[in-house]
Amino acid sequence: MRRLLVLGVMAVLALAGCGGGEVPSTSAANLPSAKDSTFVYLSNLNIVTDWDPASSYSNEIMSMQNIYDSLTMYNPRTRRAAPRLAERWQASSDGKVWTFTLRSGMVFHTGRPVDGSAVKASIERTKRMGAGAAYVWDSVQQITVKDPLTVEFRLKYAAPLDLIASADYAAYIYDTQAAGTGDLKKWFQAGRDAGSGPYTVASWKKGREKELVLRAFDRYWGGWEGPHYRNVEFRVTPNLDRAYQLLLRGEASFVQRLNPALFRRARMTAGVRTLQVPSFQNMLVLFNTASGPLADVRLRKAVQKAIDYDGLITALKGAGAPASGLVPEGLLGHETGLTPKQDLTGATALLNEAGYGPGGRPLRLTLTYAQGDDDEKLLVGKLRSALAELNVQLDAKAMQWTQQWDQGKSADLAKRQDILVMYWWPDYADAYSWFLNVFHSAEPVSFNLTYLKDKDVDSKIDRLPSLLTNDRPTAERAYVELQKRLIDEEAVVAVPWVSNYQRAYLGNVQGYTDNPAYPNVVFVHELIPAG
């Protein structure tokens, strides 16, 4: 199977710095009424990095899940796939033939029908391009259109295609004829869409604060009866205080995440709603195994042990929960008893063994993390302090994600960081994403930013899909063994916490729930703008 990009990891909206004057009121002011019907979403990072739904694998999930639909959608309550473009489906007894029945009367934003031929063309183009999360379709051998509303998938091996079809990336169904005889990828990258979702692109201004505006698509299959937000604005606001003030003033509807202090204030503010929920997203500290000082496994283990895991959980004040291995609770492969602890004595011994640490040579390490993320900043500050006591200097640099990622992928090994901090979540509700995309070897480098090249690890990862389908108990054991191998033996990663999302939004926004399978996505059509 071809391994390329995974999730262009977006940092949460917990931003540093000062800004905006204080609103002299304990309630949200000037709340917009239902007739204004514009939902304003604040993010600290650029909204769109790739407009092509076949290769999109980054921050644009926030907007694209409102523009494009997939065949199914993950339901976190039932932990099963639910209808979306497909109203029903069935699988053969061996799990290798799946038949999906589409809703009737659906159209793309281009006006062409969403039918079986469009589904086939869309998925086949995504597979053919092999970018982003296209690997989710690797089990598919043949797609046959039985009639305009019936699509049959024949698989190379049994796989949960209903769940795969709900993936947050690469499962989008789009109009492959949107560009006519032109280059479809270039057509998309101009800021156009060819989706079937409730909203279509009204304007896109790359690099601007109000980067993206969506407007209602009147022919949306889900309908527009009753009150709905007719417009959606995505604004880039890389300052926490300013974002919070915009919310209080009623100029924003939703803040992706607040730091603990502001979240506590928001919980006590009239006119503001808050929500704290567990997620499938965790924090990863990735170590450069290919070049620089951390090519020495002893030094990687020393840095692992220097992290103040308990202190971080305390300081996060509800924004994070202790991690136990790589796989968050609620996903197959989660194992209790793998929660790490700080061990400065052990870190000192490992450093000394390698000729560094107290009394030895000074060690200097470089680290990159997301600009405007208070939680990552907290992690970096605590790690820098702990390492300083061990005669290790940590040079940390806050960067916008695209710059951080570009540096991590540099062909010049000398330009790569020693430590890269980023978030991760699965492409669909299964832990396979971590192992395949972050730790499987791949050239060119995408998100395998530990640069690990281990054929045995690769082989074990490659076996996971068939194990998941045919022998779940064995698959579960394989997940646990891989986690121990990567964390304890090879020490390519540390996992300080699993994120708890702390949302804040206006009190007149009704119907909001959080779906952990679609990180940081607000499904705006489902909301009710109350007066």
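For reference, positions follow the sequence shown, starting with 1.
- Taking Glu124 as the reference, Lys120 meet the side-chain hydrogen bond (donor to acceptor under 3.5 Å, both in side chains) condition, with sequence neighbours excluded.
- Among Tyr229, Tyr501, Phe39, Tyr505, the one residue that satisfies the ring pair (Phe, Tyr, Trp, His ring centres under 6.0 Å) test with Tyr512 is Tyr505.
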(request) Could you walk me through whether Val236 and Ser43 pass side chain to side chain contact (heavy atoms under 4.5 Å, CB included), step by step? (result) CA-CA 5 Å; Val236 182; Ser43 172; 5.6 Å; no

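- Between the side chains of Gln502 and Asn259, no donor-acceptor pair of N or O atoms lies under 3.5 Å.
- Between Arg88 and Asp162 there is no salt bridge, since none of the side-chain N atoms of the basic residue sits less than 4.0 Å from a carboxylate O of the acidic one.
- A donor-acceptor pair shorter than 3.5 Å cannot be found between the side chains of Asn437 and Tyr432.
- A ring pair (Phe, Tyr, Trp, His ring centres under 6.0 Å) with Phe523 is found for exactly one of Phe254, Tyr41, Tyr518, namely Tyr518.
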Indicate every side-chain donor-acceptor pair of residues 73-81 with a distance under 3.5 Å to a residue at least two apart or in another chain.
from  : atom 1 : to    : atom 2 : distance (Å)
Asn75 : OD1    : Arg77 : N      : 2.8
Asn75 : OD1    : Thr78 : N      : 3.3
Thr78 : OG1    : Arg80 : N      : 3.3

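- Checked against side chain to side chain contact (heavy atoms under 4.5 Å, CB included), Ala91 has the following partners two or more places apart in sequence or in another chain: Trp98.
- Judged by distance alone, the side chains of Thr110 and Asp175 do bring a donor and an acceptor atom under 3.5 Å apart.
- A donor-acceptor contact under 3.5 angstrom links the side chains of Asn282 and Trp434, judged on distance only.
- For the pair Phe153/Val97, no side-chain contact is recorded, criterion being any heavy-atom separation below 4.5 Å from C-beta on.
- Side-chain contact check for Thr49 and Asn59: no donor-acceptor pair (N or O, by modelled atom type) lies under 3.5 Å.
- At a threshold of 4.0 Å, the pair Glu209-Arg242 counts as salt-bridged, since one of the basic side-chain nitrogens sits closer than that to a carboxylate oxygen.
- There is a side-chain donor-acceptor pair under 3.5 Å between Ser70 and Arg84.
- The residues Glu233 and Lys210 are annotated as salt-bridged, a charged nitrogen and a carboxylate oxygen being separated by less than 4.0 angstrom.
- Residues Ser117 and Asp115 have side chains that never bring a donor and an acceptor to within less than 3.5 angstrom of each other.
- Looking only at side-chain heavy atoms (C-beta outward), Tyr451 and Ser441 stay at 4.5 Å or farther from each other.
- Counting heavy atoms from C-beta outward, Gln142 and Leu155 have side chains that stay 4.5 Å or more apart.
- Using modelled atom types, one finds no donor on one side chain facing an acceptor on the other under 3.5 Å when comparing Thr99 with Glu152.
- For the pair His109 and Ile67, the minimum side-chain heavy-atom distance is below 4.5 Å.
- By the salt bridge (Lys or Arg N to Asp or Glu O under 4.0 Å) test, Asp218 is found to be paired with Arg230, residues two or more places apart in sequence or in another chain being considered.
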Name every donor-acceptor pair, under 3.5 Å, that has one atom in a side chain of residues 201-208 and the other anywhere in the protein, sequence neighbours excluded.
from   : atom 1 : to     : atom 2 : distance (Å)
Trp204 : NE1    : Glu211 : OE2    : 3.1

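- Counting heavy atoms from C-beta on, the side chains of Pro53 and Met64 come closer than 4.5 Å.
- Among the candidates Leu85, Val114, Ile173, the single residue satisfying the side-chain contact (heavy atoms from CB on, under 4.5 Å) test with Asp69 is Leu85.
- Within the structure, the salt bridge (Lys or Arg N to Asp or Glu O under 4.0 Å) test picks out no pair touching residues 186-200 (sequence neighbours left out).
- Side chains of Ser63 and Asn66: no donor on one and acceptor on the other come within 3.5 Å.
- Using a 4.5 Å heavy-atom cutoff, the side chains of Val521 and Asn515 are not in contact.
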